[in-house]
Protein chains: 2
Amino acid sequence: MPLTDDVRVRRRVGLQAAATEQRRRAILDAAVQAFSEVGYNGTSLRDVAARAGLSHTGLLHHFPDKPGLLEAALDRLFDSTALEFDFASDDGVIVMRALIAAAERDVREPTSLRFLAVVTAESLVPSHPAHGFMRLMQQRVRETLTAAFTDLQERGLYRADPLTPSIAAVHAASLRNGAIAEWLRTPDEIDLVEIIRGQLRMFTTVEL
Amino acid sequence: MPLTDDVRVRRRVGLQAAATEQRRRAILDAAVQAFSEVGYNGTSLRDVAARAGLSHTGLLHHFPDKPGLLEAALDRLFDSTALEFDFASDDGVIVMRALIAAAERDVREPTSLRFLAVVTAESLVPSHPAHGFMRLMQQRVRETLTAAFTDLQERGLYRADPLTPSIAAVHAASLRNGAIAEWLRTPDEIDLVEIIRGQLRMFTTVEL
DNA sequence: GTCTATAGCGAGATAGAC
DNA sequence: GTCTATCTCGCTATAGAC
């Protein structure tokens, strides 16, 4: 039972909603760009708004405040990443390959990576608005990797002994984040994909 | 040939210089504390000055400006670290053991570690005042580790093949930085020393 | 060497017109 | 839905008294 039966009204409302959605996307794109360049703390709402082509009060019509803007940008990033790569698979081999595929995509298309790395780095201090979110993500990544290495071990494809799967998970997560930071500082001196692939190879007999 | 022969004047001047030096140290201690808690960007000169027990203008008598304060704090940290641990040794085994000893000290006494990690993280964005300094440090660490692994390889104590010493250096530096960040977020869930020792063991046959 | 006072800026957020 | 105008705040840095 629609609120209105007038098809012209519905169409107009639909168009408006689509335009608003497009506006929101443009603002989020601008925010990701700005955050990745100067960090969340270094970015002003006026800066984001200018990149998106509106005033900062116009921006605040679409998002409640600055932390809300960051949260929306992070949510969108994680939703799209989950769609693209199957980190949730039960199969450890698939997770290993997803890690490498994600690194290859990140090197080709580094905007999202830079955004996430910069915000992750900033959020090390507990007062940062994304601190809690990032700690949750860190724990989820560790759990995912632990499950993947455990699966490999049960299938006889694991060779990192005496490191346990949960220790190996910390190794893999730490090296990944550390290497991303090194790569962002000196992209010409590091082959990020090979660093990550090289470490995962030390943990499994599967060809990667 | 002293500027004055009056021993009382020399003594008074010496006492004053010592008091000033002590004041500078207190300010640097306060700055390291503040930076480690809320980061360089999140810290105001008023905050540092209050912790050190003087006004922010009084602080600016001892340091030229905010970037100058950060630089002085970083210089002091690296000078004291170089005194305490022999990272410059030609002997790869000594460097490996220094890395583990430094981690043990860091876990016991985490203030310096937290300061360095937070500033390292923040300085990922190029506009940060410590960006250049940290990139230099990153390259120096890589060179040091490459030399250490090369030394181990020449003495038949290296087992990370097919990883070359320079690749292993990136692995070691990245994992160290990444693990420090993980540990600072969830200190109870990670044994930082064992993570670092565990990785170095994968690279050498020496008992660590 | 340290202070008070203040200049000057840029930020986040709100009010109200259109 | 977007704007201009404004409020209020905190910051770095300087000037000048003591």
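So you know, we letter chains A, B, ... as the sequences are listed, proteins then strands, and number each from 1. Given the structure is predicted, the values throughout are model-derived calculations rather than measurements.
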Check your understanding: Of Pro64(A) and Gly42(A), whose closest DNA chain C nucleotide lies nearer the 5' terminus?
Key ->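 The 5'-side residue here is Gly42(A).
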Output the rounded distance in Å from [atom1] ([X]) to [atom2] ([N]).
| X | N | atom1 | atom2 | answer |
| --- | --- | --- | --- | --- |
| Leu69(B) | dC11(D) | CG | P | 15 Å |
| Lys66(A) | dA13(C) | NZ | P | 9 Å |
| His56(A) | dA13(C) | NE2 | P | 9 Å |
| Leu59(A) | dT14(C) | CG | C1' | 15 Å |
| Gln16(A) | dT2(D) | CD | P | 10 Å |
| Leu60(A) | dT6(D) | CG | P | 19 Å |
| Phe63(A) | dG12(C) | CZ | P | 15 Å |
| His62(B) | dC3(C) | NE2 | C1' | 12 Å |

Point to revise | Quiz item: Thr57(B) side-chain donor-acceptor pair to dT4(C) base, under 3.5 Å | key: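 In this structure, the two groups form a donor-acceptor pair.
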Check your understanding: Under 4.0 Å between a side-chain N or O of Ser55(B) and OP1 or OP2 of dT2(C)?
Key ->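 No.
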Check your understanding: Does OP1 or OP2 of dG10(D) have a side-chain N or O of Ser44(B) closer than 4.0 Å?
Key ->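 It does not, given that no N or O in the side chain of Ser44(B) lies less than 4.0 Å from OP1 or OP2 of dG10(D).
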Check your understanding: Does the side chain of Thr186(A) come under 3.5 Å of the side chain of Gln138(B) through a donor N or O and an acceptor N or O?
Key ->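 Present: a donor and an acceptor within the cut-off.
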**Study point:** Ring centre gap for Phe78(B) and Phe87(B) strictly below 6.0 Å
**Key:**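 Judged by ring-centre distance (under 6.0 Å), Phe78(B) and Phe87(B) do not meet the cut-off.
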Exercise for review: State whether the side chain of Gln199(B) and the backbone N or O of His171(A) hold a donor-acceptor pair below 3.5 Å, judged by distance alone.
Suggested key: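 Not at all, since once roles are kept as given, no pair shorter than 3.5 Å links the two residues.
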Check your understanding: Between Phe35(B) and Phe115(B), what is the ring plane arrangement, given parallel below 30°, perpendicular above 60°, and tilted in between?
Key ->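 Because their plane-to-plane angle is under 30°, the rings of Phe35(B) and Phe115(B) count as parallel.
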**Study point:** Comparing Arg46(A) and His61(A) on DNA chain D - which has the more 5′ nearest nucleotide
**Key:**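 So the residue in question is His61(A).
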